[in-house]
Amino acid sequence: MQDTKKIVSIAIAAIGLLVLPLLLQSQGNAWVRIADIALLYVLLALGLNIVVGYAGLLDLGYVAFFAIGAYMFALLGSPHLTDTFPAMKAMFPNGMHSSLLLVVPAALGLAALFGVLLGAPTLKLRGDYLAIVTLGFGEIIRVFLNNLDHPFNLTNGPKGITAIDPVHFWGLNLGKALKLGDYTISSVSLYYYLFLALVLVTILISHRLQLSRIGRAWMAIREDEIAAKAMGINTRNMKLLAFGMGASFGGVSGAMFAAFQGFVSPESFSLMESVMIVAMVVLGGIGHLPGVVLGAVLLAAMPEVLRYVAAPLQAMTDGRLDASILRQLFIALAMIIIMLVRPRGLWPSPEHGKSLLRKGLPKSPVPGSTQAHAPGVPTPADELPGEASRSMSINP
């Protein structure tokens with residue numbers, strides 16, 4: 001019966017996700033764009049959840065991998081390189097118009113490489129020290145992107161890179177609307193389905209990693225690194241793998257962001273973006289995939305929804321209060337209230353004891369009852385003969 005309910009719930013959720021952009025585009029493409037941006041942030045939050053939620057490594061420079069993936073797609077999918085370097089013009093006279101099947105693996109691999117390079121010198125750092133180092137790494141990447149316009153104009157500096165190609169593969173150009181008979185699916189709706197597919201693949205990978213030996217090793221490091229090392233876990237390799245895996249998801253999300261926006265600049269990858277991504281993971285529930293998705297969707301969509309609240313308040317005060325400041329104030333107040341009411345997040349992972357009971361394992365003995373032992377097996381040392389057995393749970 002429970003399996004049937006679960007299947008029905010999954011089917012209803014799948015139909016809702018597929019129909020959602022078609023319903024939203026009837027109200028205007030702006031709402032579909034909000035859904036697209038929310039899915040991109042879900043990708044980012046899922047990647048950071050591997051580093052913070054599974055391995056317990058506080059990374060405040062995660063937006064650097066987002067920037068690396070975005071600029072990778074911008075360079076391979078725009079005329080910037082061919083217009084700047086004559087040698088590239090001679091090699092690609094028609095410009096570099098790379099396919100999605102080439103750019104996504106390239107962004108994934110490059111971001112993973114930078115993730116390992118970040119993790120290598122920080123293996124012995126923990127807590128606040130690790131957070132400061134990763135924060136500095138994120139700012140270094142942003143400064144490099146802002147200044148690599150001389151002596152060789154690689155990133156075009158603060159002006160950014162424009163004219164980035166939309167995603168195209170197998171003859172389908174997501175930059176143009178798709179006509180199916182008399183019905184037209186807008187470009188932003190096509191991007192929605194691409195982002196949704198990437199999110200579902202990322203959730204599947206994260207779930208399988210969580211249940212694997214690698215995931216259990218990450219969680220052991222998160223709980224007690226010294227004990228994990230004493231149990232024979234190679235903490236160095238596990239940490240590097242966590243940094244690389246988390247960074248790869250950030251690189252893919254950055255590549256999709258560049259294709260979706262058609263323009264990238266260093267301003268899009270500020271420290272505030274990293275803080276928001278960390279807030280999504282913490283607000284939803286660290287280490288719990290449904291909670292991370294919920295936190296990312298809420299924090300990504302909330303600023304846009306609050307436009308309709310902040311604008312009337314600004315009009316009521318004759319313009320004395322800025323609408324953008326009011327939006328930030330409402331977001332901060334909502335986060336403070338949520339963390340006071342739900343300190344473990346909106347959708348935290350279930351407690352160990354409760355999860356065991358849900359799986360149908362035998363419950364702890366009820367006080368006042370007796371427990372029969374197998375023939376030939378002595379009474380446990382912590383029990384007195386003739387008295388009720390005590391619970392063996394480690395939880396108080």
Side-chain angles (χ1 to χ4, degrees), residues 8-46 66 69-70 73-74 77-78 97 99-101 103-104 162-204 252-264 268 273 276 280 284 290 292-312 323-324 327 330-331:
V8 172
S9 301
I10 293 175
I12 294 175
I15 295 173
L17 290 174
L18 292 176
V19 176
L20 178 62
L22 304 179
L23 297 177
L24 292 178
Q25 76 176 18
S26 62
Q27 305 297 323
N29 289 335
W31 289 102
V32 187
R33 288 184 65 88
I34 294 174
D36 293 343
I37 296 298
L39 289 175
L40 285 177
Y41 275 108
V42 169
L43 270 178
L44 286 171
L46 289 171
F66 186 50
F73 192 98
S78 73
H97 303 285
S99 172
L100 176 72
L101 302 179
V103 174
V104 168
T162 58
I164 302 174
D165 293 339
V167 171
H168 60 278
F169 57 96
W170 297 327
L172 180 62
N173 188 350
L174 300 190
K176 298 180 180 179
L178 178 63
K179 292 186 177 181
L180 298 175
D182 296 334
Y183 192 78
T184 301
I185 302 177
S186 62
S187 172
V188 289
S189 297
L190 295 176
Y191 272 109
Y192 171 90
Y193 291 117
L194 174 62
F195 297 164
L196 180 62
L198 291 174
V199 166
L200 294 178
V201 172
T202 305
I203 291 175
L204 177 61
V252 173
S253 179
M256 295 299 99
F257 173 77
F260 180 64
Q261 294 288 106
F263 168 77
V264 292
S268 300
E273 293 296 321
M276 286 295 292
M280 292 173 183
V292 172
V293 173
L294 177 62
V297 171
L298 286 180
L299 282 185
M302 191 183 299
E304 303 301 326
V305 174
L306 287 178
R307 290 180 185 273
Y308 298 95
V309 179
S324 61
R327 285 166 55 211
F330 291 149
I331 293 173

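Note that this is a predicted model, so its numbers are computed, not measured.
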Item checked: Side-chain heavy-atom pair Ser78, Thr162 within 4.5 angstrom cut-off -> no

Check: Heavy atoms, side chains only, cut-off 4.5 Å: are Arg33 and Phe260 in contact?
Finding: yes

Next item on the list: Indicate yes or no for a side-chain donor-acceptor contact from Gln25 to the backbone of Ala30 under 3.5 Å, with no hydrogens or angles considered.
Entry: no

Check: When Val199 is tested against each of Leu39, Leu40, Val293, Leu194 for side chain to side chain contact (heavy atoms under 4.5 Å, CB included), which residue passes?
Finding: Leu39

Next item on the list: Find out whether Leu24 and Tyr192 are in side-chain contact, i.e. whether some heavy atom of one side chain is under 4.5 Å from a heavy atom of the other.
Entry: no

Item checked: Backbone of Val167 reached by a side-chain donor or acceptor of Tyr191 within 3.5 Å -> yes

Margin query: Using every non-hydrogen atom in the two residues, find where Met280 and Ala45 come nearest and quote the distance to one decimal.
Written below: CB-CB, 4.3 Å

Notebook entry, point to check: How many angstroms lie between atom CD1 of Ile10 and atom CD1 of Ile15, to the nearest 0.5 angstrom?
Noted result: 12.0 Å

Notebook entry, point to check: Which pair of non-hydrogen atoms, one from Ser186 and one from Ser189, has the smallest distance, and what is that distance?
Noted result: OG-OG, 3.0 Å

Notebook entry, point to check: Roughly how far, to the nearest 0.5 Å, is CE of Met256 from CG of Leu44?
Noted result: 12.0 Å

Note to self: Counting C-beta onward and ignoring hydrogens, is there a side-chain heavy-atom pair between Leu178 and Thr184 closer than 4.5 Å?
What the structure shows: no

Check: Is there a donor-acceptor contact under 3.5 Å from the side chain of Ser253 to the main chain of Leu43?
Finding: no

Check: Are Phe257 and Phe73 close enough that their ring centers fall under 6.0 Å?
Finding: no

Notebook entry, point to check: Got a sec, which residues hit side chain to side chain contact (heavy atoms under 4.5 Å, CB included) with Leu204, two or more places apart in sequence or on another chain?
Noted result: Arg208

Check: Within a strict 4.5 Å, meaning less than it, do heavy atoms of the Leu299 and Met276 side chains meet?
Finding: yes

Check: Measuring from Leu174:CG to Ile185:CD1, what's the distance to the nearest 0.5 Å?
Finding: 11.0 Å

Checklist line | Derivation and outcome, side-chain hydrogen bond (donor to acceptor under 3.5 Å, both in side chains), residues Tyr41 and Glu273 | finding: CA-CA 10 Å; Tyr41 275 108; Glu273 293 296 321; 2.6 Å; yes

Note to self: What's the separation between atom CG in Leu18 and atom CG in Leu23, rounded to the nearest 0.5 Å?
What the structure shows: 11.0 Å

Next item on the list: Write down the atom of Ala258, the atom of Ala70, and the distance for their closest heavy-atom approach.
Entry: CB-O, 3.4 Å

